[in-house]
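Beneath this line is the structure, given in structure tokens, with notes to follow.
For the numbers below, each heavy atom of this structure counts, side chains included, while hydrogens, waters and symmetry mates do not. Keep in mind it's a predicted model, so treat the numbers as computed, not measured.
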Amino acid sequence: MDDSSYYLPAAVMAIAFGCKAPALLRSWRDPLLRSVCTLLALAGLVFFFAAPPTISEVNRITGIANVSAPLVYGLLSAFSAACLVLIINWRGGPPEVTRRTSRRWIAGYGVVIVALVTLFALGDAPIERRRDLDTYYANTPFIREMVVLYLAALTVAGVAMIVMCCRWALRVHGWLRAGLLIIAFGFLFNIPYSATKFIAVVARWNGGNLDDLSTYVAPALASAGAQISAVGFCLPLIGQRIGDSWHIWSTYRRLGPLWRELRPVAVPEDRAVRISWWSPAELQVTQRESDIRDGMLSLCPYFDSEVRAHTYDAAVAAGSDPVQAQAEADAAMVAAAVRARAADPEGRVISSVATPAAPPASAEGRRDLVRMSLALRQSPVVATARGQAVTRSGRDFHERIR
């Protein structure tokens, strides 16, 4: 791995942390947000301080050869604990149980970090080794135990993450399940990473030399696992946003037939509040719903309950369920009212009606408007009612209102 393989991920983590920092300041008490920010910060620090140039610089500044070893191993242990705490808070549950479990993992890995520093202080590693300290000092008292301890801690964290993610994945679906399985697969790389390190160290204990496993193979496994796990953490968030955007734009598109039907009687262009085409999708859907409701409000004097009743009966006879039949009946009444309004350009019906009729009963929510809109486009019953409405005149409608 070259230096950019360390510094590029560190920069990405720093940018991500910077984006999350304002939200963290506003909602410091949110345990999930704290866990996410802690994970991002530790991930960036691990990559930054594990880079060989940084290792040399830290050793030079402190004047202690190989002091970067306990620093990097401690950051890796803290990162492992942060991953476990994030999954625990992400999964949720009783707050007290979540806090207690998180504190146990934090305390456990806190002890590991203290032990790593203590073992390094007790050992003797005078020659700087930027890439192969694990094997070079494999037979050195206390340094040997430090290496074994950090590898054991990483293995435990990897196995715990795999178990927790797989158990949780069995209870959820969709993007979250996919993300959890990818995270578990990423942490599965912790096992071969630790295995190659242990094999190289044990080989040194027995007088052999398999240092390449530790120096070249293990870092590649760790990098692959970290990148895969990062994809798993991001996938549910990205997938949820994509799904939400798709649903919103789908709603906007499906409201189109009803919006276009009512457009001739909606608020005039000179009085309408228009939004730009690049406005958020949710805002555009809200604008379209507002236009639809304004149009229906202006049609209240022209609504004909007989049209609605006849269309409802016809829809039920054609096999529609009551909810769908109600939507078709309301859609037919709206279509008939639009044509009656067009046949009454002087607005005589409006002035003659003392108490306007109520808007369609099925137009209370977004889902109901979508049903009406789809009925306008797809229902043959509504198409028949619309055709019959074309033959009406404003005078006939006016006489019936009276």
Legend entry - salt bridge (charged side-chain N to carboxylate O under 4.0 Å, His left out): pairs with one or both residues in residues 104-118, sequence neighbours excluded: none
Legend entry - Any Phe189 side-chain heavy atom under 4.5 Å of Ser229 side chain: no
Inset, instruction - Look only at the side chain of Ser379 and the backbone of Val382, and say whether a donor-acceptor pair between them is shorter than 3.5 Å. - result: yes
Legend entry - Pair Glu328 + Arg308: basic N to acidic O under 4.0 Å: no
Legend entry - More than 12 heavy atoms of other groups within 6.0 Å of Arg99 CZ: yes
Inset, instruction - Return each pair, listed once, that meets ring pair (Phe, Tyr, Trp, His ring centres under 6.0 Å) where at least one residue sits in residues 11-37; pairs must be two or more places apart or across chains. - result: none
Legend entry - Within residues 311-336 or reaching into it, pairs that qualify as ring pair (Phe, Tyr, Trp, His ring centres under 6.0 Å) - sequence neighbours excluded: none
Inset, instruction - Sequence neighbours left out, what passes salt bridge (Lys or Arg N to Asp or Glu O under 4.0 Å) with Arg288? Give chain and number order. - result: none
Legend entry - Trp205 side chain to Ala138 backbone, donor-acceptor under 3.5 Å: yes
Legend entry - Rounded distance (nearest 0.5 Å) linking atom CG of Asn89 with atom OG of Ser35: 4.0 Å
Legend entry - Minimal non-hydrogen separation, Leu42 against Ala78, with atom names: CD1-O, 3.5 Å
Legend entry - Qualifying salt bridge (charged side-chain N to carboxylate O under 4.0 Å, His left out) pairs with a residue from residues 9-19, counting only residues at least two apart or across chains: none
Inset, instruction - Flag the pair Ile183 / Phe233 as yes when at least one side-chain heavy-atom distance between them is below 4.5 Å, and no otherwise. - result: yes
Inset, instruction - Could you tell me which residues satisfy salt bridge (Lys or Arg N to Asp or Glu O under 4.0 Å) with Arg204, sequence neighbours excluded, listed by chain and number? - result: Asp211
Legend entry - Flag, side chain of Ser245 to backbone of Arg241, donor-acceptor distance under 3.5 Å: yes
Inset, instruction - Can you see which heavy atom on Cys83 is nearest to which on Leu39, and at what distance? - result: SG-CD1, 3.4 Å
Legend entry - With Ser373 via side-chain contact (heavy atoms from CB on, under 4.5 Å) - residues at least two apart: Pro257, Leu258
Legend entry - Residue list, ring pair (Phe, Tyr, Trp, His ring centres under 6.0 Å) with Phe198, at least two apart or on another chain: none
Inset, instruction - Please check if the side chain of Ser68 supplies one atom and the backbone of Ile55 the other of a donor-acceptor pair under 3.5 Å. - result: yes
Inset, instruction - Would you check if Leu119 and Ile143 make a side-chain contact, meaning some heavy-atom pair closer than 4.5 Å? - result: no
Inset, instruction - Give me the one residue out of Thr135, Asp132, Leu133 that meets side-chain contact (heavy atoms from CB on, under 4.5 Å) with Ser214. - result: Thr135
Inset, instruction - Would you please name every residue forming a salt bridge (Lys or Arg N to Asp or Glu O under 4.0 Å) with Asp124, sequence neighbours left out? - result: none
Legend entry - Check: Thr286 main-chain N/O paired with Ser290 side-chain donor or acceptor under 3.5 Å: no
Inset, instruction - Look at the side chain of Thr62 and the backbone N and O of Val58, then say whether any donor-acceptor pair between them is shorter than 3.5 Å. - result: yes
Identify every side-chain donor-acceptor pair in residues 166-179 under 3.5 Å, counting partners at least two apart or on other chains, and give the distances.
residue: Trp175; atom: NE1; partner: Gly239; partner atom: O; Å: 3.3
residue: Arg177; atom: NE; partner: Ala169; partner atom: O; Å: 2.8
residue: Arg177; atom: NE; partner: Val172; partner atom: O; Å: 3.0
residue: Arg177; atom: NH2; partner: Ala169; partner atom: O; Å: 3.2
residue: Arg177; atom: NH2; partner: Val172; partner atom: O; Å: 3.2

Legend entry - Qualifying ring pair (Phe, Tyr, Trp, His ring centres under 6.0 Å) pairs with a residue from residues 96-125, counting only residues at least two apart or across chains: none
Legend entry - Side chain proximity check, Leu369 to Met296, heavy atoms < 4.5 angstrom: yes
Legend entry - Modelled atom types, side-chain donor and acceptor of Asn66 and Glu128, under 3.5 Å: no
Inset, instruction - May I ask you to say whether Asp368 pairs ionically with Arg371, meaning some side-chain N is under 4.0 Å from a carboxylate O? - result: yes
Inset, instruction - Provide the full list of side chain to side chain donor-acceptor pair (under 3.5 Å) pairs with a residue in residues 146-157, sequence neighbours left out, each pair given once. - result: Asp134-Tyr150, Tyr150-Tyr193, Thr155-Ser194
Legend entry - Validation row: Val231, Gln227 side chains within 4.5 angstrom (heavy atoms): no
